[in-house]
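Before any comments, here is the structure.
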Amino acid sequence: MTAATARTRAIAKALTALLPMAPYADIEAIRRMAGARDMRELPASIAVWLATIAHVRHEHSDYDRLLAEGYDRDAARFFVVDQINETLTRWRATRLLDAEESE
């Protein structure tokens, strides 16, 4: 088994464990992000978590709108934690974003 295949399997397993009810389109976007070159050095579970939070922040919250309105990155992130967690809860995620957690 090649390293790429092992990595792909590890990402798939981490996705299934973290997001059992996420929509297919979202899962595929998160899978691509978690498999990106800059995530290679991270364990699959961490890469999937970071990719999930980034995806949900940009696609399912007001984060980008807040940035466009002039909020700085940290303030915008603070204000969308609840929206992110609502999406994760709908997807039956096994982990939620802690407002105090740094990425």
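- In the hydrophobic clustering of ILVMFWY residues, with side-chain heavy atoms under 4.5 Å counting as a link, I46 and M33 come out apart.
- Under the side-chain hydrogen bond (donor to acceptor under 3.5 Å, both in side chains) criterion, no residue pair touches residues 36-47, with sequence neighbours excluded.
- Of all heavy-atom pairs between R7 and A44, the closest is NH1-N, 3.3 Å.
- The distance from the NE2 atom of H55 to the CG atom of L19 is 9.5 Å, given to the nearest 0.5 Å.
- In this structure, CD on E59 lies 10.0 Å from CD1 on I30, to the nearest 0.5 angstrom.
- With sequence neighbours left out, the ring pair (Phe, Tyr, Trp, His ring centres under 6.0 Å) criterion links W49 to no other residue.
- Side-chain contact between D26 and H60 is present, with heavy atoms from C-beta onward closer than 4.5 Å.
- Shown here for L88 and R95, the closest heavy-atom pair between the two residues is CD1-O, 3.9 Å.
- A donor-acceptor pair under 3.5 Å links the side-chain atoms of T94 to the main chain of A17, judged by distance alone.
- Between D72 and L67 the shortest side-chain heavy-atom distance does not fall below 4.5 Å.
- With rounding to the nearest 0.5 Å, the separation of CZ in F78 from CD in E100 is 8.0 Å.
- With rounding to the nearest 0.5 angstrom, the CE atom of M21 is 12.5 Å from the CH2 atom of W91.
- If you take OG1 on T52 and CD1 on I27, they are separated by 7.0 Å, rounding to the nearest 0.5 Å.
- No more than 12 heavy atoms of other residues, nucleotides or ligands sit less than 6.0 Å from atom CZ of R92.
- Between M39 atom CE and R32 atom CZ the span is 13.0 Å, to the nearest 0.5 Å.
- Residue pairs meeting the side-chain hydrogen bond (donor to acceptor under 3.5 Å, both in side chains) criterion with at least one partner in residues 79-89, sequence neighbours excluded, are D62-Q83, T87-R90.
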